[in-house]
Amino acid sequence: MYAEERQRAISELVGGRGRASVMELAERFDVTPETVRRDLDALERLGGVRRVHGGVVAAGVLAGAESGLGEREGTNAEAKRAIGAAARRFLPPAGGSVLFDAGTSTIAAAREVPGNLHITAITNSVPVAATLSTREAVELRLLGGRVRGLTQAAVGAGTVAEIAGLRTDVAILGANGLSAERGLSTPDADEAAVKTAMVRAADFVVLVADSSKFARESLVAFAALDAIDVLVTDAAPTGPLAAALADHGVNVEVATR
């Protein structure tokens with residue numbers, strides 16, 4: 001097989017599956033790993049794939065630069081409203097406690113908290129806190145820390161330490177990427193640390209994420225799939241992600257618009 005033919009075959013394989021390892025490709029095409037790496041370098045220059053440690057992913061799999069909260073609120077807004085409404089049934093009963101992560105989908109979930117539900121809500125998100133501050137029955141606690149202007153979320157060692165001292169009934173989290181291989185991920189290391197702490201602090205973890213996050217990976221992984229109990233989304237996952245969620249016992253709740 002000529003190099004051009006092999007590269008075309010690799011591109012088609014990765015495009016269909018989303019990723020492949022160097023060793024897998026070397027065995028499949030009966031060439032050395034060094035030859036595969038040269039093929040991948042050539043394909044990356046053409047823009048069809050992205051190199052990652054140990055292999056390659058389709059160009060659309062890796063999430064790009066982190067966008068601001070205002071920009072993201074206008075993206076998939078209808079889906080996020082539906083997700084927020086569907087997440088309402090996973091709120092704790094009266095007297096319970098819930099951690100709200102930062103993000104547009106978690107803001108949508110916070111908007112669905114009933115005004116007469118007596119719960120303790122704890123968040124690192126300034127917009128979530130602003131939303132819940134109008135609920136008279138909600139005991140609201142805003143976590144301290146350095147507030148990132150891009151996401152309006154409190155982060156830092158103090159924020160993580162504060163969460164580490166908590167034990168809540170529920171955590172409602174967002175993510176920039178959700179994949180079978182890396183689980184949940186986000187672009188910023190400080191926000192990832194806060195999210196990891198929230199996962200550890202909660203008895204029941206709800207991920208609210210629209211389907212644009214499926215099979216995508218951001219820079220920092222913050223939780224494995226088996227760390228979440230429920231995924232609330234706008235469309236059922238398919239392929240490897242669907243299989244991985246099922247293998248890890250994650251309940252998928254598809255919101256209706």
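Sequence positions, counted from 1, serve as the residue numbers for this chain.
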How long is the straight-line distance from [atom2] of [Y] back to [atom1] of [X], given to the nearest 0.5 Å?
X	Y	atom1	atom2	result
L143	T123	CG	OG1	7.0 Å
L132	R141	CG	CZ	13.5 Å
F222	T196	CZ	OG1	7.0 Å
D30	L25	CG	CG	13.0 Å
L142	E162	CG	CD	8.5 Å
L241	F214	CG	CZ	6.0 Å

Any donor-acceptor pair under 3.5 Å from [X] side chain to [Y] backbone:
X	Y	answer
Q7	E4	no
T233	A209	yes
R88	R111	no
K195	D101	no

Indicate if [X] and [Y] have the same hydrophobic cluster label, given that clusters are the connected sets of ILVMFWY residues with side-chain heavy-atom separations under 4.5 angstrom.
X	Y	result
L207	V250	yes
L99	I119	no
F90	L173	no

Enclosure of E136 CD (heavy-atom neighbours >12, cutoff 6.0 Å):
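No - once you tally the heavy atoms of other residues, nucleotides and ligands closer than 6.0 Å, there are 12 at most.
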
How about CZ on R135, more than 12 heavy atoms from neighbouring residues, nucleotides or ligands closer than 6.0 Å, or not?
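Result for CZ/R135: enclosed.
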
Report the hydrophobic cluster partners of V147, with the cluster defined as I, L, V, M, F, W, Y residues connected by side-chain heavy atoms closer than 4.5 angstrom, directly or transitively.
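V147 clusters with V126.
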
Please go through L219's hydrophobic cluster and name the other residues, only I, L, V, M, F, W, Y counting, with side-chain heavy atoms under 4.5 Å joining them.
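Noted: L219 shares its cluster with V220.
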
Using the salt bridge (Lys or Arg N to Asp or Glu O under 4.0 Å) criterion, which residues pair with D41? Sequence neighbours excluded.
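In terms of salt bridge (Lys or Arg N to Asp or Glu O under 4.0 Å), with neighbours along the sequence ignored, D41 is linked to R51.
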
In sequence, state the C-alpha distance, the side-chain angles, and the governing distance for R148 and D190, and then conclude on salt bridge (charged side-chain N to carboxylate O under 4.0 Å, His left out).
CA-CA 10 Å; R148 294 186 71 219; D190 287 338; over 6 Å; no

State, to 0.1 Å, how close L117 and P93 come at their nearest heavy-atom pair, and which atoms those are.
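Scanning both residues completely, I find the closest heavy atoms to be CD1-C, 4.3 Å.
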
Which atom names give the shortest non-hydrogen contact between T106 and G174, and what distance separates them?
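Closest pair (atom of T106, atom of G174, distance): CG2-N, 3.7 Å.
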
Without hydrogens or angle criteria, can the side chains of [X] and [Y] be said to hold a donor-acceptor pair below 3.5 Å?
X	Y	result
R38	T35	yes
T186	E191	no
D234	S211	yes
T104	K80	yes

Would you please test V98 and T168 for side-chain contact (heavy atoms from CB on, under 4.5 Å) and show each step?
CA-CA 6 Å; V98 55; T168 66; over 6 Å; no

Determine whether L91 and I172 make a side-chain contact, defined as any pair of heavy atoms from C-beta on separated by less than 4.5 Å.
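Heavy-atom side-chain distance check passes, below 4.5 Å.
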
Under the side chain to side chain donor-acceptor pair (under 3.5 Å) criterion, do S185 and E217 qualify, and how do the steps go?
CA-CA 6 Å; S185 57; E217 296 176 356; over 6 Å; no

